[in-house]
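Below: one structure, written as structure tokens.
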Amino acid sequence: REEEEEEEEEENGNEDEVEDDEEEEEEEEEVEKKKFPSAATYSSPERSYHDKGGLTAQTFKEEMSEMDTAESAIQRLAPYATWNIPYRPGSDLPVYWHVPMSAGTTFQDILSHCYGLVEANEIGVWGGHEQDTSLTVLTMEDGGQYINVDSTTPAGLKRAEKLGLASSGLADIIFTPYLHDAASIFHNTKVKGKCLTVLRHPIERAVAMFYYLKLGAEEGSPLYGMTIEEYARGEYCEENWMVRFLTNEMSGPLKWHHLELAKEILGRKCLVGLVDRFEESLKRFESYFGWDDLILEDKQKQCETALVTQGDNVHHHPEHHKGNEVYELLEKKNGYDLMLYKYARDELFEKQALYTNQGRELGSNGMWNGWGLF
């Protein structure tokens, strides 16, 4: 009987140990999740844009196809390093995802004229340099330096890839709206892209886009004489620009999985700034990429302050707020972009502050400010 009691106590003890081990493993998993939350872990808004029908053979097939599409998109962007791995000068090349009407021109001017960085955008091909057969750095009359490629178009990015832009070491940063096309310039190189971007509220951006296009509209063009109400109802108005460019889904109807994919890409790959918090965003970029070390003279600081305060390519126009007819029309066309922006503003921007505000140095213990790395 004593032997049986001892065996029973031993079995109970082993069971307790197993339970303790399982609890420890679960706690460790929870810690890891908190360290590096995926965009997919965040709570999603109600799927008002999603078909809520039951699962059938057809819907199952569609969902499997959607998963394949998402995986392909993630794989295409593999040349971009995740944002929470520290920037490595010489091995990483910053790629600015340029969302139109979102302070991109101002940001370009700051990097070029205040920091003295060499940029790849569209300026380097002015004057016929798109025909050049090799890469070079061009200095413009205002002192700005640019690579002789056009990184703002798919065709220009193909030429940049052919000429070996990524591995040339000539560019300090690339500006492009085409993240997927730009990924190809890193193929067959040891260089990784580092995505950064500045986002603006989608309705504010859509309104600004109309007045900007209207400014240059000539008589006889579709926008000439068009009201913003007509624009918001018509075919010329953008529809979920950010989600489309992040997922590379340029045509056809968008579905819920496109939004989730866009959040996943942005959440993994891009260091995010906000137009509404531009100065704070700029400081974050400076710290992350080491650009604050480039501001050595008072005139550089004055240059930066002037551009942050006054901006560049700024156009004043009427505003449209929630409850306004124009706002409601634009909201219907940009529902996915609104949800993506809300995720970026309320969750991602704040999460990234935990990593970037504490410094950018990689410690000797393989940790970055106490955070484990992917």
Side-chain angles (χ1 to χ4, degrees), residues 92-186 191 193-200 205 208-209 212-213 215-216 241 245 270 273 275 278 281-282 285-286 289 291 294-295 299-300 302-308 310-315:
D92 296 334
L93 179 57
V95 177
Y96 183 89
W97 182 47
H98 192 170
V99 181
M101 312 307 296
S102 301
T105 302
T106 298
F107 189 66
Q108 287 186 56
D109 286 353
I110 290 173
L111 297 194
S112 176
H113 301 311
C114 305
Y115 298 174
L117 297 185
V118 178
E119 299 178 347
N121 44 36
E122 75 283 8
I123 298 175
V125 297
W126 293 357
H129 286 285
E130 70 274 8
Q131 303 299 326
D132 294 351
T133 57
S134 61
L135 293 175
T136 189
V137 178
L138 303 172
T139 302
M140 300 301 175
E141 291 182 0
D142 61 3
Q145 294 184 297
Y146 306 93
I147 306 295
N148 57 335
V149 297
D150 183 358
S151 57
T152 66
T153 68
L157 287 165
K158 285 183 180 179
R159 177 171 171 269
E161 178 190 3
K162 183 179 179 181
L163 295 177
L165 175 62
S167 57
S168 70
L170 294 176
D172 293 315
I173 187 169
I174 296 171
F175 288 83
T176 185
Y178 297 98
L179 276 185
H180 289 264
D181 294 88
S184 64
I185 70 173
F186 299 102
V191 181
K194 273 285 188 179
C195 174
L196 66 155
T197 189
V198 174
L199 305 182
R200 185 179 185 180
R205 199 184 71 77
M209 178 60 74
Y212 175 76
L213 295 173
L215 199 63
W241 190 97
F245 273 73
C270 292
V275 169
F278 186 73
S281 302
L282 184 60
F285 294 152
E286 288 175 354
F289 291 102
W291 295 331
L294 302 176
I295 305 176
K299 65 179 182 180
Q300 289 176 291
Q302 292 168 3
C303 169
E304 178 184 89
T305 301
L307 282 167
V308 169
Q310 302 168 17
D312 188 14
N313 199 27
V314 175
H315 303 276

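This one's a predicted model, so the numbers in the text were calculated from it and none came from an experiment. Side-chain atoms are counted along with the backbone in the values below, which use heavy atoms only and exclude waters and symmetry mates.
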Is there a donor-acceptor contact under 3.5 Å from the side chain of [X] to the main chain of [Y]?
X      : Y      : result
Ser184 : Asp181 : yes
Thr176 : Thr152 : no
Thr197 : Trp97  : yes
Ser102 : Pro100 : yes
Asn148 : Thr136 : yes
Arg159 : Glu130 : yes
Thr305 : Gln302 : no
Asp142 : Gly144 : yes

Would you mind reporting whether [Y] and [X] have side-chain heavy atoms less than 4.5 Å apart?
X      : Y      : answer
His113 : Gln108 : no
Val99  : Phe245 : no
Ile173 : Leu111 : yes
Gln145 : Glu119 : no
Val149 : Leu165 : yes
Phe186 : Glu161 : no
Val308 : Leu282 : yes
Pro177 : Trp241 : yes

Determine, step by step, whether Met209 and Arg205 satisfy the side chain to side chain contact (heavy atoms under 4.5 Å, CB included) criterion, reporting the C-alpha distance in whole Å, the side-chain angles of both residues, the deciding distance to 0.1 Å, and the verdict.
-> CA-CA 6 Å; Met209 178 60 74; Arg205 199 184 71 77; 4.1 Å; yes
Who pairs with Ile123 by side chain to side chain contact (heavy atoms under 4.5 Å, CB included), at least two apart in sequence or on another chain?
-> Asn121, Trp126, Met140, Tyr146
Identify, with sequence neighbours excluded, every residue that meets side chain to side chain contact (heavy atoms under 4.5 Å, CB included) alongside Gln300.
-> Ile295, Leu296, Glu297
Going by the angle between their ring planes, with limits at 30° and 60°, are Trp291 and Phe107 parallel, tilted or perpendicular?
-> tilted
When rounded to the nearest 0.5 angstrom, what is the spacing between [atom1] in [X] and [atom2] in [Y]?
X      : Y      : atom1 : atom2 : value
Glu304 : Lys299 : CD    : NZ    : 15.0 Å
Leu163 : Ser168 : CG    : OG    : 9.0 Å
Tyr96  : Phe285 : OH    : CZ    : 6.5 Å

For a quick test of reading the model, state the closest non-hydrogen atom pair linking [X] to [Y] and the distance between them.
X      : Y      : value
Asp92  : Pro94  : O-CD, 3.9 Å
Val95  : Gly193 : CG2-CA, 4.4 Å
Ser281 : Gly273 : OG-CA, 3.3 Å
Ala171 : Leu93  : O-CD1, 3.3 Å
Leu307 : Thr106 : O-CG2, 3.5 Å
Ser151 : Ala120 : OG-O, 2.9 Å

